[in-house]
Protein chains: 2
Amino acid sequence: MTDSEARFTALMHRLGERHFRVTPQRVALLRLLAASEGHPSAADLYERLRAEFPTTSLATVYKTLTLLGELGEVLELGFSHDDNRYDGHRPYPHPHLICMRCHRIVDAQLPAGRDLEREVAQSSGFTIAGHRLDFYGLCPDCQHETENAESQTTKEETQ
Amino acid sequence: MTDSEARFTALMHRLGERHFRVTPQRVALLRLLAASEGHPSAADLYERLRAEFPTTSLATVYKTLTLLGELGEVLELGFSHDDNRYDGHRPYPHPHLICMRCHRIVDAQLPAGRDLEREVAQSSGFTIAGHRLDFYGLCPDCQHETENAESQTTKEETQ
DNA sequence: GTGCTTGCAAACAGTTTGCAGATAG
DNA sequence: CTATCTGCAAACTGTTTGCAAGCAC
């Protein structure tokens, strides 16, 4: 059994396990995901899916990818031009902590930052121009809020 | 002289140094950036700018932010829902190498990964649910291409 | 005076939503 | 049989572009 087949089976199993419907479109997308080596975009997947299902739609691809993401079976990598934030104080890469509830963004203190860029450059052959390290979670305030109600506070000015 | 004033002066100096025009709108935006503690969005900045310049436009804010980014004086943090990529093989955070020229994305090998999430959780009080570590640069192929022509190759299927 | 900059409006691109019809279980 | 899923089209959101008028130098 190849890697890809095993991964496909695992994904299928996860769908059934949670009692989500196993439609032909989903099966095909799962197979694509299991087989694809790289990091395809939704449009890439849609394009390949159309070979098999000429009438399928991008919306379905998105819905399925979102579902799989919620199941923890797909990692979504977002790139930008939506909801950008700007830092005019430290215009060089530094780690951020992002609260998933109030959207506050604070700079993270990372003890003894090794020179990650150089290490990665050496092992990969890339020339590294910059990087990005963000942590997602709940800030101390929102941890408390979450224990209580669902009052959806947003710390406007803290960003 | 406060931190904010010093930063403002530095930004102003940088503009003049490169012979970009010092317009009142730019001065106001620079002052905002130097004074703002957090990570404002373009809309945040626009909103505050309008107090001073009721006719100013978001487009101008974007243009100035982009300019400052190119000058290396502003760090742009992009969040997502545009050009997303999906990984159905390793649905947990792992570092990526992203080629800025051909947009290829490969998984990075990071020697002896420390447990960054735990370290950051301890120093910040956040509960960490995940993270993201991406390196931006030129892949080996594109380093060579760049030495030669400007033929804008795109490695479609490699992603 | 020259040409960079502004600000409006329209264009863009990827993603999301609403909904009627189809279908898996 | 019923609730979920599909697929179309329209809506959304943040960002970018084109262009005429304005202004820094």
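First the proteins, then the strands, lettered A, B, ... as listed; each starts at 1.
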Q: List in chain and number order the residues that pass salt bridge (Lys or Arg N to Asp or Glu O under 4.0 Å) with Glu52(A), two or more places apart in sequence or in another chain; answer none if no residue qualifies.
A: none

Q.
Do Leu71(A) and Leu15(A) have side chains that approach each other closer than 4.5 Å (heavy atoms only, starting at C-beta)?
A. yes

Q | Integer-rounded Å distance: dT5(C) C1' and Leu68(B) CG | A | 14 Å

Q: Mind calculating the distance between CZ (Arg21(B)) and P (dT2(C)) to the nearest angstrom?
A: 13 Å

Q. Do Phe135(A) and His96(A) come close enough that some side-chain heavy atom pair is under 4.5 Å?
A. no

Q | Interatomic distance, Leu67(A) CG vs dT16(C) P [rounded to whole Å] | A | 13 Å

(Q) Using only atom types and a distance under 3.5 Å, with no angle test, would you say the side chain of Glu119(B) pairs donor to acceptor with the backbone of Leu116(B)? (A) no

Q. Do NZ/NE/NH1/NH2 and the carboxylate oxygens of Glu73(B) and Arg7(B) come within less than 4.0 Å?
A. yes

Q: Can you figure out which of dA24(D), dG7(C), dT16(C) approaches the side chain of Gln25(B) most closely?
A: dG7(C)

Q. Counting side-chain heavy atoms from CB outward, which of dG25(C), dG7(C), dT6(D) is closest to Arg26(A)?
A. dT6(D)

Q | Sugar-phosphate only, base, or nothing, as touched by Thr60(B) at under 4.0 Å among non-hydrogen atoms | A | base

Q | Atom-pair distance (CZ on Phe20(A); P on dA3(D)), nearest Å | A | 16 Å

**Q.** Heavy-atom closest contact (Gly125(B) atom, Gln143(A) atom, distance)
**A.** O-NE2, 2.7 Å

Q) Rounded to the nearest Å, what distance is computed from the CD atom of residue Glu76(B) to the P atom of nucleotide dG14(D)? A) 14 Å

Q. Of all the nucleotides listed (dC19(C), dC5(D), dG18(D)), which has the minimum atom distance to the side chain of Lys63(A)?
A. dC19(C)

Q.
In this structure, how many angstroms lie between the C1' atom of dT6(C) and the OH atom of Tyr46(B), rounded?
A. 13 Å

Q: Return the 5'-most residue of the pair Pro24(B), Ala43(B) with respect to DNA chain D, ranking by each residue's nearest nucleotide.
A: Ala43(B)

Q | Closest non-hydrogen atom pair, Val61(B) against Ala42(B) | A | CG1-O, 3.9 Å

Q. Just how far, in rounded Å, is C1' of dC8(C) from CZ of Arg50(B)?
A. 13 Å

**Q.** Close residues, residues 52-59 of chain A, relative to DNA chain D [heavy-atom separation under 4.0 Å]
**A.** Thr55(A), Thr56(A), Ser57(A), Ala59(A)

Q. So, is Thr23(A) near the phosphate of dT23(C), with a side-chain N or O under 4.0 Å from OP1 or OP2?
A. no

Q. In whole angstroms, how far is the P atom of dC4(C) from the CG atom of Leu15(B)?
A. 15 Å

